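Shown next, in structure tokens, is the structure this report addresses.
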Amino acid sequence: MKEKIKESLYSIIIDLYGSSEFIHDEFEISIQDNKEKEYGDLASNVALVLAKPLKRNPREIAEEIKIKFITDKEIVKVDVAGPGFINFFLSKESHGAILKDISIQKNNFGKIESNNQKVLIEYVSSNPTGPLHVGHGRGAVFGSVLSRLLKEAGFQVDEEYYVNDFGRQMNILSASLWIRYAQLFDKNIKMLNNGYQGDYLIAIAQNLKKFRSDELYEDDEEIKSLLENENEDAEKHTDEVIESIKSKLSDEFSYVRDFALREILELIKEDLLEFGVEHNHWFSESALYKSELHDLSKVDQSIEELSSKGFVYEKEGAIWFKSSELGDDKDRVLKRGNGEFTYFASDVAYHLDKYDRGYDRIINIWGSDHHGYLPRVKAAMEASKKNVEKLEVVFIQFANLIRAGKKVTMSTRSGKFITLKELIEEVTSEAARFFYINRKADQHLDFDLDLAKEQSKDNPLYYIQYAHARICSVLRKSKAREEELNTSELGLLDSNKEIEIQKILKQYPPLIERAALASEPHLICYYLKDLASIFHSYYNTEKFIVEDQKLMNSRLFLLSGVKQVICNGLTILGINAPHEM
RNA sequence: GCCCCGUUAGCUCAGUCGGAUAGAGCGCUGGAUUCCUAAUCCAGAGGCCAUAGGUUCAAAUCCUGUACGGGGCACCA
């Protein structure tokens, strides 16, 4: 309908003012939906835009255009109002077209045809040193919903988890696991202070014992006393412990590490699956350091790449990247003085690898505390002559959990954080998803645990699901068959509420497109709340199961459309639309 | 010090490409149920869109300054 009006307006304007130089192919006519019904259904500001170049009064221009505009069965009236808006009034029947679209397209209503673009979304990527906690929840849901949304919008999406299975933290994890394992044989062994304290490692140690019995343990006074005697320098002490365990276990140390990694990834995958999050790619950081035969590893290659472009130098024994020349605050170390690569070096290689895989869009979901990290990654891509535009990073703000009106405090250091699993068990996976995605990503979020569990209209998810269940109930009671609902009498849907519902349904496809392009899935939540709200209101003013068959038919057809759109929206959020509650 | 993000009703927040009289929920006040799920609905009160300029026919929306709040600035990951 908007397109149709645009075309008409365009030809009228060419006709009237075509000789003017500023009317050309790029001239954009915008048509907006009207909020106030007295202004009609749609409006164009074209006369206001033309006023300046034509040096004429906008109302006069609007009047000229209005006279030329030919009304028909759908557009029944054209009017000029305010400073020079041209308002269009649609016939009552014309609103019903959307219901027919929905009934034909069903689950595909809102879906956009494939655009043949490939997009990579990397998210969660939590360190594989322990189970996911609530801090990871928001990013997990965001990535998951954005993936679904982009698929809906015609993209081909890969969802990737980057596993940081390289470097010092893996050694700390291995040492922590081994100590837990050793404690199964000797309770007097002290846990490493800087180690991973969580109970999950005790469970994993018990598994390790099942596989290897006591093969990896023998009484060792040296390690025991080392653990007893903490050094003032905690970091140094940690390294000493790692070294002594490493030399004790020699080749078996990597077995312990792989065991820990495998078990923890298993935990993470289980939790994610429970949360409706499923990555189809798992990318290992350590793979970036493997080299085949005489080839360089990916990390070496990427440093080589930066070097060949003249962005690498050596200073004080370390290898640096000249990121300051490409928009970063300062230069960054790629390889430390002690010969170890930095995390950044991995990330350069990782991102170059993402580019090599031929994606049209590369999206990273990062915690907002990483925002200072982006300039150096972009600098590295720019230095490697990659198209930096392709790389998008969405920063996710922290979420506070609120219980009984108070912030739930957590501290990572003591290991006393609430795990994602516990959150899901408390409020259900669906409520957790909804509450996490209900807010713009870059805004702080207060997650009200009590509200998420509440079964009333105050809980927005409940409210939306209830609308769906209510419609299902009406359709059941009416004994109507949805597929047989007649589409010929839609002019009967002429009350204010009925027309408003149809207008809101019409907004769904453009909403999906906008949410996808702007990476703003929270818009779906707000839309669904609006749709549920107008439905509940309608429900209280009108009866649907009535004597008049044609009227009943039309109203049920409308409800069926609402039901379908709620279902489609909830599906993108990864939430079930219940048939009864 | 530098860099991000924010500031909209008492509270929590939406606000599309800049459009006509700025929206919702909670809370507050008052109402609706012989009837398809009251797990709901209706009505009322409540606003200097932080602040000062600028751009524009038109600014909560775009630009600049200021104030306040949150976060970030490693040879950590």
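Within every chain, numbering begins at 1; the chains are lettered A, B, ... in the order of the sequence lines, protein sequences first and strands thereafter. Just so it is clear, the structure is predicted and the values come from calculations on it, not from any experiment.
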Euclidean distance, A:S368 OG relative to A:D442 CG, rounded to 0.5 Å: 9.0 Å
Phosphate oxygens OP1/OP2 of B:A39: is one of them under 4.0 Å from a side-chain N or O of A:S456? no
Ignoring hydrogens and geometry beyond distance, is a side-chain donor-acceptor pair present between A:S346 and A:Y289 at under 3.5 Å? yes
If I pick the P atom on B:C36 and the same atom on B:G18, what distance separates them, to the nearest angstrom? 49 Å
Are B:A39 and A:Y463 stacked, with the base six-membered ring and the side-chain ring centres under 5.5 Å apart and planes under 30°? no
Have a look at A:L523 and say if it touches a base, only the backbone sugar-phosphate, or nothing, with a 4.0 Å heavy-atom cut-off. sugar-phosphate
Using a cut-off of 4.0 Å on non-hydrogen atoms, how would the nucleic acid contact of A:A469 be classed: base, sugar-phosphate, or nothing? base
Distance-only donor-acceptor test, A:N45 side-chain atoms vs B:A58 base atoms, 3.5 Å: no
What I want to check is whether the side chains of A:N540 and A:K497 have a donor and an acceptor closer together than 3.5 Å. no
Quick one: label A:I31 by what it contacts on the DNA or RNA (base, sugar-phosphate, nothing), any heavy atom closer than 4.0 Å. base
A:E392: which residues meet the side chain to side chain donor-acceptor pair (under 3.5 Å) condition with it, sequence neighbours left out? A:R361
Check: protein-nucleotides 31-35 of chain B nitrogen or oxygen pairs below 3.5 Å:
residue	atom	partner	partner atom	Å
B:C35	O2'	A:K543	NZ	2.8

Contacts of type side chain to side chain donor-acceptor pair (under 3.5 Å), residue A:R403, not counting sequence neighbours: A:E426
Are OP1 or OP2 of B:C36 and a side-chain N or O of A:R470 less than 4.0 angstrom apart? no
Residue A:Y526, side-chain atoms from C-beta onward, closest of B:C13, B:C36, B:U21: B:C13
Base, sugar-phosphate or nothing for A:D530? Non-hydrogen atoms, less than 4.0 Å. nothing
On RNA chain B, nearest-nucleotide positions of A:V474 versus A:Q507: which is more 5'? A:Q507
Just the rounded figure in Å: distance from C1' of B:A20 to CZ of A:R59. 12 Å
Roughly how far apart, to the nearest Å, are B:C17 and B:U61 at atom C1'? 11 Å
Close N or O pairs between protein and nucleotides 75-77 of chain B (under 3.5 Å):
residue	atom	partner	partner atom	Å
B:C75	O2	A:G337	N	2.7
B:C75	N4	A:E316	O	3.1
B:C75	N4	A:E316	OE1	3.4
B:C76	OP2	A:R336	NE	2.8
B:C76	OP2	A:R336	NH1	2.4
B:A77	OP1	A:R336	NH1	3.3
B:A77	OP1	A:R336	NH2	3.2
B:A77	OP2	A:Y343	N	3.0
B:A77	O3'	A:Q169	NE2	2.9
B:A77	O2'	A:N127	OD1	3.3
B:A77	O2'	A:N127	ND2	3.0
B:A77	O2'	A:Q169	OE1	3.4
B:A77	O2'	A:Q169	NE2	3.3
B:A77	N1	A:H370	NE2	3.3

Would you measure the distance from the P atom in B:G44 across to the matching atom in B:G23 and give it in whole Å? 13 Å
Can you tell me how far C1' in B:G25 sits from the matching atom in B:A9, rounded to whole Å? 12 Å
Where each pair must be Watson-Crick or G-U wobble with both distances under 3.5 Å, what dot-bracket representation of RNA chain B is obtained, with crossing pairs in [ ] and other-strand partners as |? (((((((..((((.....[...)))).(((((.......))))).....(((((..]....))))))))))))....
What pairs with A:E580 under side chain to side chain contact (heavy atoms under 4.5 Å, CB included), at least two apart in sequence or on another chain? A:R476
Check the pair A:S456, A:E454 against side-chain hydrogen bond (donor to acceptor under 3.5 Å, both in side chains), reporting the backbone distance first and the verdict last. CA-CA 6 Å; A:S456 77; A:E454 201 165 302; 3.1 Å; yes
Could you work out, with side chain to side chain donor-acceptor pair (under 3.5 Å) as the rule, every residue matching A:R332, not counting sequence neighbours? A:D328
Respond yes when some side-chain nitrogen or oxygen of A:Y39 is under 4.0 Å from OP1 or OP2 of B:U21, and no when none is. no
Of the candidates B:C17, B:A20, B:G71, the side chain of A:D369 sits closest to B:G71
Less than 4.0 angstrom from a charged side-chain N to a carboxylate O is my criterion; do A:E64 and A:R59 meet it? no
List for me each residue that meets side chain to side chain donor-acceptor pair (under 3.5 Å) alongside A:S307, sequence neighbours excluded, and say none if there are none. none
Between A:Y313 and A:D331, a side-chain donor and acceptor under 3.5 Å: yes
B:C57, B:C36, B:A14: which one has an atom nearest the side-chain heavy atoms of A:F544? B:C36
Take atom P in B:C11 and the same atom in B:C48, then report the distance between them in whole Å. 12 Å
For A:Q169, give me all partners under side chain to side chain contact (heavy atoms under 4.5 Å, CB included), at least two apart in sequence or on another chain. A:N127, A:T129, A:N164, A:Y196
Specify the glycosidic conformation (syn or anti) of B:C42, with syn defined as within 90° of 0. anti
Using heavy-atom distances to pick each residue's nearest nucleotide on RNA chain B, tell me which of A:S533 and A:S368 is more 5'. A:S533
Which value, in whole Å, describes the distance between the C1' atoms of nucleotides B:A60 and B:A74? 40 Å
What residues form a salt bridge (Lys or Arg N to Asp or Glu O under 4.0 Å) with A:E500, not counting sequence neighbours? none
Give me the distance, rounded to whole Å, that separates B:G30 from B:G69 when you measure between the P atoms they each carry. 39 Å
If we ignore angles and hydrogens, is there a donor and acceptor under 3.5 Å between the side chains of A:E122 and A:Y162? no
Report each atom pair, protein N/O against N/O of nucleotides 5-11 of chain B, whose distance is under 3.5 angstrom.
residue	atom	partner	partner atom	Å
B:C5	O2'	A:D442	O	3.2

Check side chain to side chain contact (heavy atoms under 4.5 Å, CB included) between A:T342 and all other residues, then give those that pass, not counting sequence neighbours. A:V333, A:R336, A:F344, A:A345
Salt-bridge present (A:E160, A:K354; N to O < 4.0 Å): no
No-H, no-angle donor-acceptor pair, A:N87 side chain to B:A20 base, under 3.5 Å: yes
Does a side-chain N or O of A:R439 approach OP1 or OP2 of B:C13 to a distance below 4.0 Å, or not? yes
Answer with yes or no whether the side chains of A:E498 and A:S495 bring together a donor and an acceptor at under 3.5 Å. yes
A:S537 side chain, from C-beta outward: closest of B:C42, B:U37, B:G19: B:C42
Looking only at B:C4, B:A20, B:U12, the nucleotide nearest the A:H371 side chain is B:C4
Under 4.0 Å, counting only non-hydrogen atoms across every strand here, what does A:A518 touch: a base, just sugar-phosphate, or nothing? nothing
P atoms of B:U21 and B:U66, separation to the nearest Å: 33 Å
What nucleotide among B:G15, B:C17, B:G19 has an atom nearest to a side-chain atom of A:S30? B:C17
